[in-house]
Structure formats: C-alpha cells, structure tokens
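All figures in this text were calculated on a predicted structure; none of them were measured in a lab. Residue numbers begin at 1 in each chain, while the letters A, B, ... track the order of the sequences.
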Amino acid sequence: MTAQAEIERAEETEAMTVREAIRMGLREELERDEDVYLMGEDVGKFGGVLEVTSGLWEEFGDERVRDTPISEAGFIGAATGAAATGTRPVAELMFSDFMGVSMEQIMNQMAKMRYMFGGKTEMPVTVRTTEGGGMGAASQHSGTVHAWIAHFPGLKAVAPGTAAAAKGLTKAAVRSDDPVFVFENKMIYEQQGEVPTDEEFTVPLGEAAVEREGEDVTVVATQRLVGESLQTADSLADDVSVEVIDVRSLYPLDTETIADSVRKTGRLVVADESPLSYGVHAEIVSRVQEEAFFSLDAPIQRIGTPDTHMPFSPPLEQEVLPDGDDVREAIELIT
Amino acid sequence: MTAQAEIERAEETEAMTVREAIRMGLREELERDEDVYLMGEDVGKFGGVLEVTSGLWEEFGDERVRDTPISEAGFIGAATGAAATGTRPVAELMFSDFMGVSMEQIMNQMAKMRYMFGGKTEMPVTVRTTEGGGMGAASQHSGTVHAWIAHFPGLKAVAPGTAAAAKGLTKAAVRSDDPVFVFENKMIYEQQGEVPTDEEFTVPLGEAAVEREGEDVTVVATQRLVGESLQTADSLADDVSVEVIDVRSLYPLDTETIADSVRKTGRLVVADESPLSYGVHAEIVSRVQEEAFFSLDAPIQRIGTPDTHMPFSPPLEQEVLPDGDDVREAIELIT
Amino acid sequence: MADYTLETEEGRREALRRMLTIREFDSTAGDYFADGEIPGFVHLYIGEEAVGVGACAALEPDDYIASTHRGHGHCIAKGLDPKLMMAELFGKQDGYCNGKGGSMHIADVDSGMLGANGIVGAGPPLATGAALSIDYDDREQVAVGFLGDGAVAQGQVHEAINLAATWDLPAVFVVENNRYGEGTPVEEQHNVDDLSDTAGAYDIPGVTVDGMDVTAVAEAVEEARKRARDGDGPTIVEAETYRYRGHYEGDEQPYRDEDEIEKWKEQDPIDRFSELLVDRGELTEEELKELRDEIEAEIEEAVEYAQDAPLPDPSEAYEDMFAEMPPEIERFASQARADGGSLGGDRR
Amino acid sequence: MADYTLETEEGRREALRRMLTIREFDSTAGDYFADGEIPGFVHLYIGEEAVGVGACAALEPDDYIASTHRGHGHCIAKGLDPKLMMAELFGKQDGYCNGKGGSMHIADVDSGMLGANGIVGAGPPLATGAALSIDYDDREQVAVGFLGDGAVAQGQVHEAINLAATWDLPAVFVVENNRYGEGTPVEEQHNVDDLSDTAGAYDIPGVTVDGMDVTAVAEAVEEARKRARDGDGPTIVEAETYRYRGHYEGDEQPYRDEDEIEKWKEQDPIDRFSELLVDRGELTEEELKELRDEIEAEIEEAVEYAQDAPLPDPSEAYEDMFAEMPPEIERFASQARADGGSLGGDRR
Ligand SMILES: Cc1ncc(C[n+]2csc(CCOP(=O)(O)OP(=O)(O)O)c2C)c(N)n1
Ligand SMILES: Cc1ncc(C[n+]2csc(CCOP(=O)(O)OP(=O)(O)O)c2C)c(N)n1
Ligand SMILES: [Mg+2]
Ligand SMILES: [Mg+2]
C-alpha cells in the first residue's frame with residue numbers, strides 16, 4: 001500500500017516533526033500498555049540528548065522512563081533478559097555508533113534466544129538509536145550501521161523516512177514480539193510531515209511505501225534520502241518521471257513493492273547512507289535483479305557513503321555524505 | 001593472477017592442511033619480525049582450541065605467544081593500542097561469534113584511528129577468527145559474520161578457501177599496516193593443498209584467484225564453498241564448463257577478476273556461507289551488475305545460509321548449511 | 001515453597017538425589033559424546049554438583065536462573081527433566097529446544113531456566129534483566145546469574161552487576177570458581193585472591209564459600225536471596241569448586257596434572273554430603289546404593305528416550321526465528337516442506 | 001626529564017601556565033562554538049584543569065596518554081600546541097588531524113597523545129595496549145588512561161584494568177570524577193562511595209585525591225607511575241573534581257543548580273594554585289596578571305591561526321582510510337580531485 005493511501009485513510013492527521021512523531025508514538029504505547037517502559041542514558045530528566053523522549057519522564061515517572069548508567073551491554077542485556085521474562089522494554093542506544101559496546105547481547109542473546117530455545121521465549125524488545133552524518137559530529141557519532149542489524153538473522157530493522165512512518169514504525173516495533181531496531185536519522189528530527197493521530201495507527205513491519213508515483217525510474221531510498229529524493233524528483237519533473245519509494249523496513253524487506261516498481265520503470269537508483277561496500281543498497285540490487293532481471297534496462301545505481309568514516313570538517317563531511325544531488329546525477333546517468 | 005600461477009611460480013611447495021598452512025605462516029612471521037606476537041585465549045600452552053597455534057608457545061615462549069584472560073574487548077582493545085604504539089599484535093578471537101564482545105574497539109578505535117587522526121597512526125593489527133557451521137556447535141559457535149567486517153570502513157577482511165591462500169593471506173595480513181581480519185572456516189582446517197614453502201610467499205590483499213577456468217558459468221565462492229564448488233564443477237564437467245574463483249579478499253574486493261570472468265561466461269553464482277540477506281553475496285552481485293551489466297545472460301544466483309542461525313541438530317544444520325549441491329542446483333538453473 | 005530445601009530431611013535427600021543425577025547424567029553424556037552419538041561440544045559439571053544444587057535449594061520454583069556453557073547441572077538442580085535434556089543433547093525433536101539448541105542452549109523459560117549460554121559472561125546481564133522484570137512487576141522472585149571464574153573478566157558481567165547494584169535489583173550472582181577458564185588458571189586471569197573481592201567495586205556483599213559443600217552454598221545463596229527480596233540488591237557468592245573432567249570432552253588437559261585432580265576429589269561434594277547424611281542417621285548405605293541404582297536407571301531411561309525420539313524434520317530449521325515467518329525465510333521453508341517426503345526417510 | 005614537574009619553581013609556573021591555557025582555550029572554544037564557527041560537539045574541561053595538568057606533570061615526555069571526549073585539557077597538559085588544536089576544532093587542514101577529527105578526536109601519537117575519544121570508556125583499553133607495547137619492547141615509559149566517573153560503568157574499562165593488573169603492565173588509570181555523566185549524578189551510576197574502591201576488584205592500589213589540587217593529583221600519579229615502572233602494575237587514581245560548564249556546550253543543565261556550581265568554584269584549582277604560589281612568594285599578583293595576558297594573547301593568536309588556515313580540499317575526505325587507497329575509494333577520490341578546481345573556490 002502506498003504511504004499516501006495510509007495517510008488518506010487516516011481520519012485525522014496533524015503536522016509535526018519526526019521527533020514529535022516518535023515521541024507521540026512512544027507516549028501512546030506507554031499509555032496503552034503498562035508492560036512497556038523506556039530505558040537509556042539520560043532519557044529521563046535530561047529528555048534524551050537529541051530530545052526525543054523529552055517530557056516523558058515528567059509524565060510517566062522514574063519506573064517507566066529509566067535513566068541508566070553508561071553501560072550499554074548492561075542495559076541492553078538487561079532489556080533482553082527482561083523481554084524474555086514478561087515485560088516490554090524500549091531501550092535507547094544514544095548513537096548507533098555505540099552499538100559495538102552492546103553487540104554481544106544483541107547478536108548472541110536478543111537475536112538468538114527464541115531460535116536456540118526452539119521457540120520457548122518471546123523477545124519483545126525495541127532498540128531505538130540515531131544514525132547519520134551532517135552535524136559535524138565526526139567519525140564516532142555519525143555512523144550508519146543499520147546494514148549490520150538488517151543482515152543479522154533474528155533481528156528486525158526499520159529506518160523511517162517520514163514523520164508518519166516514524167510514528168507508525170515506532171509503535172509497530174513496540175508492539176512486536178520480536179526484537180526491532182528503529183534507526184532514526186538525526187538530520188530529519190526537524191523534518192515536518194502529516195501524521196495520523198489515531199492511537200491505533202501503525203506501519204506494518206515489512207512494508208515499503210510508494211511516496212511518489214512515476215514512470216521512468218524508481219528511486220528506493222531510506223531515512224534522510226527519502227525527502228531529498230522527493231525534492232530531486234520534483235525538480236526533475238519536467239524531464240523525467242521519478243517514482244520514489246521509502247523502504248521503511250530493512251528487514252523484512254518489501255521486495256514486491258520495489259520489484260513491481262522496477263518492472264514498471266525498468267530503472268533503479270538505491271539511495272541509503274550506509275557505506276557502499278556491502279551496504280544496504282546491495283541487497284536491494286540483488287533482490288531486484290533476481291525478481292525483475294528481464295525488466296532492467298540499465299545497471300542499478302547505488303548512492304551511499306563511499307567507504308569512509310564521517311570526517312569532521314564540513315567540506316569533508318559534505319563531500320562524502322550522499323544527498324539529493326547524487327541521486328539526481330544517478331538518475332541522469334541512466335535515463 | 002590465477003592461484004595456479006602463484007603456485008606454479010613457487011619454487012617449492014608442500015602438501016599440508018589449511019591449519020598447518022596458517023601455522024606455518026604465523027611461525028614464519030614470528031621468526032621474521034620481532035615486533036610480531038600472538039595473543040588470545042588459550043593460544044599458548046593449550047595450543048588454541050582448534051589447534052591452529054599448537055606448538056608455537058613452546059617455540060616462541062610466553063611473551064610472543066600470550067594467553068589472555070577471557071576479555072575480548074580488553075585484549076583486542078589492547079592490541080589496537082599496541083598497534084598504534086609500535087608493535088604488531090596478532091590476536092585470535094576464538095570464534096567469530098564472540099566478535100560482539102569486542103566490537104566497540106574494532107569499530108570505533110581499530111577501524112577509525114588512522115582516519116580520525118588524519119593519518120597520524122598506523123594500525124598493524126591482525127585478528128584471526130573461525131567461522132562456520134558443520135560441526136554441531138550450535139548457534140553461538142557457528143556463525144559467519146564476515147559481512148560485518150567487510151562492510152565496515154577502515155577494516156580489511158580476507159577469507160581463504162585453500163591452504164595456499166590461507167598461508168599467503170595470513171602472512172600478508174601480519175605484514176599489513178592496516179587492520180586485517182582473517183576469517184578461517186573451521187570445517188576446512190583439515191583440507192589439504194599444495195602450499196609454497198617460500199618464506200616470502202604472500203597473497204596480496206585484494207586479489208581473487210581463478211582456481212579453475214571455465215566458459216559457461218562463473219562460480220565465485222569463499223572458504224569451504226571454494227572446495228565444494230570445485231568438486232561440483234568437476235562433477236558437471238561433461239555438461240557445463242564452470243569457472244571457479246576464490247574471492248580470498250572480501251575487502252578490498254577484486255572486482256576486476258570477477259567481472260572479467262562474467263564478461264566471458266555471462267552467468268554467475270555467488271556462494272558464501274554468510275546469511276543471505278545483506279550478505280557478502282549481495283556486494284558481489286551489485287558490482288558485477290555495475291561492471292558487466294550487458295554481459296549478464298541470467299539473474300545472478302546466491303547461495304548462502306537462509307537467514308537463520310545455525311541450528312544444533314545435524315539434519316537441521318545440514319538443511320541450512322550451503323554446500324556443493326546447492327551450487328550445482330544454481331548452476332543448473334541458469335545454464 | 002522451594003522445590004527442596006536443605007532444612008528438611010526430605011529436602012536434603014532430594015538435594016543428594018539431584019547431585020547424583022547430575023553426575024550420572026553428565027558421565028553418561030560424556031560416554032555418548034565419546035561414541036559420537038552426541039554432536040558438538042559438551043562441558044560437564046562433574047565435581048561441581050554442590051554449587052548448582054546448593055544454589056537452587058535456596059530458590060523458590062518460580063525464581064529465574066541464567067546459566068553457562070556448563071549448564072547441565074543448573075538444569076537438573078532447577079528441576080528440568082533429564083529425559084528432555086538428553087533428547088536435546090542428542091539433537092532430537094522432543095528435546096527442550098526441539099534439537100535447535102543442544103547442550104549449550106538448553107532452556108526452559110517457563111521453569112525459570114533462561115538458558116545455558118555459549119557466551120562466557122552473557123548470563124549475568126540476562127539475570128539482571130529478569131530481576132528488572134521482577135522489580136518492575138513487583139513480583140516475589142529473584143534471578144540468579146551463574147558464571148565461571150573466567151567470566152569475571154568479562155565487561156558485560158561488570159556492567160550487569162553494577163546495574164543490578166545501582167538499581168537494587170533482586171539478583172544474585174554465583175561465581176563458580178573451578179580454578180580454570182579452559183586451560184588458563186584463575187591466577188593468570190585475575191589479580192585478586194578471592195573473586196568475591198570484586199564485590200567491593202559495587203559496594204555489595206561478596207562471600208567465598210566452600211563449593212564442595214552443598215550446605216555452605218545453600219546458606220550463602222539463601223542469605224543473598226533474602227537480601228535481594230528485602231530490596232537490598234545483589235550479592236556475589238563465590239563457590240570454590242573444581243571440575244574433574246576436561247574443559248570440554250576431548251580436552252587433553254596439558255595444563256594440569258592428575259595429582260591436582262585427585263586432591264580435589266578427596267573433597268568430593270557427593271561423598272561429603274552423603275557421608276554427612278549417613279553420619280546423621282538420615283540415610284543408610286543401603287539407601288544410598290538404592291538411590292544410585294534408581295538414578296542410574298532413570299538416566300538409562302533418558303538415553304533410551306533420547307535415542308528413540310525422532311530427529312527434527314529438516315523444515316523445522318526455518319521455524320522459530322520470529323513470531324511470524326518473514327518472506328525471506330518462507331521461500332526456503334516451503335521448499336523444505338515440499339521436499340519433506342523425499343528427504344525424510346527414517347528420521348531417527 | 002619530565003616536561004615540567006611540580007618540584008621546581010619553574011615547573012610549578014609551567015603547570016600554572018598550562019592550567020591557565022586550558023581555561024582560556026576552552027572558554028574561547030566555547031565562544032566560537034556559540035558563534036557557530038566551531039561545528040559539532042565540544043565538551044569543555046573548565047574546572048578540571050588540575051587533573052590533567054597534575055597527572056601530566058608526573059609524566060615523562062614520551063609517556064602515553066589516552067584521553068576522553070573532554071580532551072582539550074589533556075592535550076594542553078601533555079604539551080600539544082593550542083594553535084594546531086584550535087585549527088582542528090575549526091575543521092581546518094592545518095589542525096592536528098587535518099580537520100578530520102575535530103574536538104573529540106584530537107590526537108598526536110608522536111607526542112604520546114593517543115587521541116581524545118568519542119566513546120566513553122574506550123581510552124583505557126588503548127592505554128593498556130600502549131603499556132603492552134612498552135612492556136613488550138622493554139621501554140621506560142608508562143601509559144595513562146583517563147576516564148570519567150561515568151566510564152567506570154563500562155565493561156571495557158573493567159577488562160582493560162583487569163588485563164593490565166593481571167599482566168602487571170605499566171599503566172595508570174586516572175578517573176576524573178566530576179560528579180556527573182552527562183545529566184546523571186554519579187550516585188545513580190554506581191553503588192560505591194569512592195570510585196577508587198573499584199581497585200579492590202583488581203587487587204591494585206586505588207586512591208582518591210582532591211582533584212581541585214594540582215599538587216595532590218601530581219603526587220598520586222607520580223607514585224602510580226613509579227609503581228608502574230617498578231613492574232608492580234597499574235593504579236587507579238580518582239580525582240574528585242567538577243565541571244563548571246554544561247556536559248557539552250548548549251546543555252541546559254536541568255539536573256543541577258547554580259548553588260552547587262558556585263560551591264565548587266570556591267575550590268577553583270587555578271585560584272588555589274596561584275594563591276599558593278603567591279603565598280610562597282614564587283609569583284606576584286603582577287606576574288600572574290602578565291601570565292594571564294600572555295596566555296590570552298596566545299589563544300587569540302591560536303584563533304587567528306585557525307581562522308586563517310585553509311579548509312581541507314574535499315578530496316582529502318578520501319585520504320587516510322588505509323596505508324594505501326583501495327580501488328573502492330580511489331574512484332571517488334579521483335572524481336573529487338578532478339572536480340577540485342570547480343568546487344574549490346575560496347576554501348577558507
Ligand atoms: C565471550 C567468550 N569468550 C570465549 C569463549 C570460549 N570459552 C568457552 S568456555 C571458556 C572458559 C570459561 O571459563 P569459566 O568462566 O571459568 O567457566 P568454566 O568453563 O570453568 O566453567 C571459554 C574461554 C566463549 N564461549 N565466550
Ligand atoms: C559508549 C558510550 N556511551 C555513551 C556515550 C555518550 N556520552 C558521551 S559523554 C557521556 C558522559 C560521560 O560521563 P563521564 O565518563 O563521567 O565523563 P564526563 O563527561 O563527566 O567528563 C556520555 C554518556 C558515549 N560517548 N559512549
Ligand atoms: Mg572456570
Ligand atoms: Mg563525569
């Protein structure tokens with residue numbers, strides 16, 4: 001289903017930022033289900049370093065919005081153990097770059113317990129984290145590591161590109177009985193969008209959204225690059241008709257929506273901020289060439305970070321950061 | 001250069017197992033360079049749980065073959081700090097599944113220091129680790145995680161499929177001033193092969209090897225699947241001419257050797273044990289469709305682990321473990 | 001009420017029974033591993049029975065435990081069924097994890113057993129997490145994290161204990177100091193004399209007890225449990241013990257000599273406890289012999305059960321990754337289900 | 001010979017100079033951050049000068065330090081050049097890292113400065129590693145790992161200290177307890193009273209000193225250094241200190257009040273030390289004023305240098321990933337070099 005349709009179907013919407021949409025989703029889930037609680041470094045009184053959880057501690061108190069020591073392995077491990085024993089933690093990993101500290105609990109416990117135990121446990125844990133360059137935060141606070149989680153069996157990964165998707169995916173993650181990582185790009189927290197206010201609005205895990213219909217070329221994008229691709233598409237409207245898809249869910253991945261689009265357009269650009277080699281793009285390329293090989297009229301183009309870390313200095317950062325211009329160049333190359 | 005050529009060029013070779021070849025490589029490097037030392041859990045007196053370092057402690061002593069506490073973050077972090085300060089540690093991470101424990105030092109220090117510091121440090125550290133299913137070791141001791149390292153900027157990754165490559169890549173890794181991960185598949189430690197005995201024999205990082213020439217279809221494989229693909233190729237020889245390439249180096253990846261082959265054969269099967277979604281295969285698929293799009297006669301086929309963990313029970317493990325039969329089926333599908 | 005407690009005659013006899021069961025189970029598992037009927041790795045608990053049984057004797061049935069790679073003893077101490085355990089070791093469909101887990105991942109969350117664990121030090125964060133659920137829901141349980149001496153060097157253990165201590169969670173950490181982490185002696189892994197000294201880093205009690213004495217372990221864990229339930233946070237209980245067998249079956253043990261093993265065997269926890277019960281007049285040698293025979297038969301039965309149980313159908317490999325199977329896996333699963341008939345054959 | 005030591009008049013004046021330099025550097029950096037000339041995050045060391053300077057006063061020039069996200073003070077204490085530091089903060093080609101690192105990653109390995117670090121707790125393993133190199137090569141150095149109070153809760157810190165202690169490596173760990181990890185008070189992060197209590201977990205000395213007293217810090221680190229050089233392994237030195245500014249610039253600090261800050265300022269390390277020198281007759285108020293003016297001018301100059309320095313060419317983004325550029329990156333680099341002329345323009 002297209003994102004448009006979801007929003008049109010919604011009885012009421014409100015304009016808000018991605019940050020507000022996530023916060024709204026979290027607040028609604030905290031209200032809906034007493035088993036749900038938030039935990040993380042400075043998510044409480046401080047309101048979260050990027051202010052996503054701001055106000056929730058005041059509203060829900062110490063038990064349900066918990067500040068942790070600086071112990072990602074400890075609290076993400078605890079969230080894993082807690083999820084196996086009847087509660088539904090939502091952990092904030094302040095920056096996705098800190099994932100390494102807690103990777104063991106993620107890869108060997110959270111991702112594997114259900115399977116190793118022959119299905120003897122549920123694992124309703126959500127991990128929210130921020131990604132991406134663009135704010136001069138340098139190499140250790142600007143990474144995009146979602147390919148790791150999308151690749152690792154037993155984990156689900158979402159990466160919203162719009163405010164509506166941000167709310168809907170956050171809520172779906174919290175309601176899921178599987179571990180879900182929500183990758184929030186830090187540069188779009190202020191991006192505005194219409195968001196359904198319905199408390200039952202969720203975006204199903206595993207469904208992409210056609211954000212803009214087109215005929216000549218498909219752009220499949222994630223996070224910040226969804227908005228930039230939409231702008232690029234608009235700016236090219238006189239010359240080429242661009243379809244833009246927000247992947248939304250990296251795993252499971254909605255192969256059908258993407259392949260259907262390519263069957264129509266015959267051309268594909270994949271835009272995602274992860275480093276290019278072995279990045280998220282490659283999987284989308286592979287599935288499309290598997291599902292729509294004979295529809296492809298040109299090599300699929302990949303737009304991502306060119307295998308460097310995010311450098312500090314603005315001209316360097318701008319150099320390696322993929323953006324709408326890169327998408328434009330790729331479109332021009334194959335149309 | 002083809003692997004054949006490398007071996008033919010070698011003045012002398014000796015038949016030995018992959019395990020012996022790695023050990024020989026390590027021994028030669030320990031002898032060659034006093035700055036080189038090994039460290040890891042039970043690599044010394046115990047000889048390594050999979051016996052790769054067996055005998056080296058007796059030969060080189062406590063200082064150069066160091067048993068560590070069970071502290072992967074501590075000793076891989078220490079190896080990182082040591083590499084930045086003038087020595088050349090070779091760390092053994094007993095099973096690649098334990099990578100999560102030390103991922104922070106790998107991703108944020110080892111991989112990034114040179115870049116973040118504007119080139120102000122070298123990082124001559126090697127991490128050897130074992131991967132793969134097939135011995136009933138269950139989900140936490142059978143993983144194939146090399147896609148993570150291949151994807152992460154600033155790290156090099158190799159994954160030998162033959163005894164000669166195992167020796168040559170190990171030595172090249174130790175000699176490199178960059179961090180290199182050597183992914184040893186545990187099921188091929190006993191696999192025999194001819195290995196150059198020359199102490200200066202190395203396999204350059206970033207070069208694939210054509211292990212078998214063919215005309216109709218290319219199989220690009222890694223680790224255990226190199227040998228299995230060669231067997232499959234032989235068994236199909238009457239019907240189809242199969243070229244088999246050992247990727248050897250995941251990053252940098254030798255796109256040219258692979259693309260050249262596909263330009264000739266027009267068909268490609270990629271076989272690697274990593275989980276299929278966002279696995280190593282996808283990058284190879286992507287590069288080939290970028291470099292040889294118009295040479296491709298059929299969709300590229302991927303053979304890997306179907307997005308599960310490695311289950312314990314043999315029939316389950318055999319079910320999900322990719323093998324030569326899977327390669328055969330893929331070849332048959334597209335030829 | 002606890003499953004069994006060392007405070008009653010009946011409970012003591014049950015404790016003895018469980019210790020004997022562990023020993024019999026594990027030496028039998030060792031035999032079948034040597035025969036090649038059990039795949040993978042097995043780490044035996046023989047010699048350490050007093051620790052698991054003492055600790056679990058201090059627990060209530062719905063308390064949680066998070067175990068280690070050396071988990072069979074914890075399972076039996078916690079009341080898991082040797083039949084289903086053995087079936088799991090044999091990789092059978094009727095095992096605790098339907099054959100997916102094996103020795104290193106036996107689990108039964110409903111019985112409060114949060115899994116053996118192949119990752120050294122991974123249990124304590126899970127125990128802290130279970131304690132968090134308990135605390136969050138105001139339940140009356142505690143969570144026990146078992147770990148080895150080697151695991152004390154793991155960062156996630158430090159984080160887990162610090163978190164539990166800072167939040168006063170109802171957790172207990174039981175360090176099984178069996179003198180070695182694989183082949184490396186405890187002295188080469190840590191600088192402290194007693195591993196319970198690490199408790200000072202969290203300002204929580206740390207005690208070291210004779211881990212070959214089931215009563216000493218039970219008393220220490222009971223006190224720790226009480227403290228945890230009173231809202232005073234975790235305790236570290238170090239139990240000094242010894243494994244008689246290699247690190248895993250097949251270990252040639254170049255790192256220690258027979259003398260050392262023999263010396264520890266003089267402190268055998270089963271001998272000591274059964275002698276105590278005999279001395280006290282609670283048990284006759286006759287009864288002990290009967291008990292041993294009974295258990296031998298029980299384990300033999302477990303082996304038969306395991307041998308007779310069906311292997312899982314290959315298509316089972318695709319189950320249990322998620323609450324619902326995603327399309328990525330479904331395409332393989334449906335293929336395997338379709339192949340079922342042809343490949344299936346005699347699945348035993 | 002150390003760069004400077006608190007045992008000579010000249011050395012004490014140098015220490016004072018460095019403390020003043022840190023304060024001036026950081027308050028200036030704060031200003032330019034507020035103005036938007038410095039991008040990213042900056043974490044200022046103001047209030048904590050005695051710790052870095054005291055610690056480095058106890059070191060020899062070729063000793064190593066591994067720093068934190070709050071690293072400017074360590075850099076200046078270790079003798080790095082404020083000009084090149086400021087240029088780095090401004091993202092310029094002439095900065096220590098050619099603009100690639102910024103505030104959180106200033107490094108100068110040749111000066112023994114192993115980098116500020118954006119990851120809490122990541123420095124100690126690097127310090128342990130440097131100590132390993134020292135030990136392996138039988139060199140006469142030590143390696144100091146700085147960490148905050150919050151970092152003590154990190155697993156990798158535990159592993160690093162345990163490893164250094166077990167191997168008796170020449171390392172020193174300096175815990176800067178400034179009472180908060182971001183907005184969370186130390187009491188909510190740990191259960192111990194003094195963070196030096198954690199030393200008990202490694203059976204190494206742990207001392208807590210007045211971190212607002214540069215002499216006290218220097219003495220403790222000197223003793224620790226001596227111990228390390230004698231082959232007796234690491235020491236934990238906890239310095240009780242306080243940051244005057246927010247966690248980072250822009251922090252609104254809902255978690256503490258002005259009173260608390262004012263109370264700590266009464267212990268200001270620069271005032272205390274300069275008063276001591278004045279009282280001792282080593283320094284006149286006049287000279288102090290001159291020193292301040294001199295430093296102010298020096299930092300002003302550093303800013304001018306930074307402002308005038310060129311921004312890096314965009315193609316520099318592709319350098320320094322590896323010893324040699326791999327083809328994966330080369331194709332972007334050559335494109336960028338080709339674009340150079342057109343995009344370059346005035347690169348300031
Ligand atoms: C993180 C991690 N590192 C290493 C291993 C390999 N390993 C398995 S058991 C073991 C020794 C554990 O020693 P200890 O904690 O004392 O437990 P014991 O085996 O003595 O019961 C090691 C190193 C592992 N499983 N996980
Ligand atoms: C592993 C990790 N977790 C979280 C953060 C985010 N973070 C940056 S500084 C900081 C507080 C550190 O506190 P402390 O160690 O006391 O140092 P201080 O800032 O007080 O100097 C946090 C949580 C981080 N950089 N790294
Ligand atoms: Mg042990
Ligand atoms: Mg602090």
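- Between atom CE of residue M325(D) and atom OG1 of residue T308(A) there is a gap of 10.5 Å, rounded to the nearest 0.5 Å.
- Sorted by first and then second residue, the salt bridge (charged side-chain N to carboxylate O under 4.0 Å, His left out) pairs involving residues 181-190 of chain D (not counting sequence neighbours) are R179(D)-E187(D).
- Contact annotation for P314(A): only side-chain heavy atoms (C-beta onward) come within less than 4.5 Å of a heavy atom of chain D.
- Taking CZ of F312(A) as the reference point, atom CG of L89(D) lies at 6.0 Å (rounded to 0.5 Å).
- Of the inter-residue distances, the one linking K100(D) atom NZ with S313(A) atom OG reads 10.0 Å to the nearest 0.5 angstrom.
- Looking at every heavy atom in both residues, A153(D) comes nearest to P69(A) through CB-CB, 4.1 Å.
- Here the straight-line distance linking atom CD of Q154(D) with atom CD1 of I70(A) works out to 7.0 Å at 0.5 Å rounding.
- Looking at heavy atoms from C-beta onward, L276(A) lies in side-chain contact with F332(D) at the 4.5 angstrom threshold.
- A317(D) and L316(A) make their closest contact through N-CD2, 3.6 Å (heavy atoms, listed as atom of the first residue, atom of the second, distance).
- Annotation: maximal heavy-atom pairing with chain A below 4.5 Å, among I119(D), N117(D), I329(D), occurs at I119(D).
- Listed options G95(D), G121(D), G181(D), G99(D) were ranked by heavy-atom pairs under 4.5 angstrom with chain A; first place goes to G99(D).
- Across K45(A), H141(A), E41(A), Q318(A), the residue that shares the most heavy-atom pairs under 4.5 angstrom with chain D is H141(A).
- Counting heavy atoms of neighbouring residues, nucleotides and ligands inside a 6.0 Å radius, atom CD of E324(D) does not exceed 12 of them.
- Neither the backbone nor the side chain of A73(A) comes within less than 4.5 Å of any heavy atom in chain D.
- Side-chain contact between Y255(D) and D42(A) is absent, with no heavy-atom pair separated by less than 4.5 Å.
- The greatest number of non-hydrogen atom pairs below 4.5 Å with chain D, out of S71(A), P311(A), G47(A), is found for S71(A).
- Proximity to chain D involves both the backbone and the side chain of E72(A), based on heavy atoms less than 4.5 angstrom apart.
- Classified by interplanar angle (parallel below 30°, tilted 30° to 60°, perpendicular above 60°), the ring pair F95(A)/F41(D) is perpendicular.
- The two atoms that bring G118(D) and Q140(A) nearest to each other are N-OE1, 2.5 Å, heavy atoms only.
- No side-chain heavy atom of F46(A) sits under 4.5 Å from any side-chain heavy atom of T184(D).
- Note: H105(D) leads E328(D), H105(D), E316(D), M104(D) in heavy-atom pairs under 4.5 Å with chain A.
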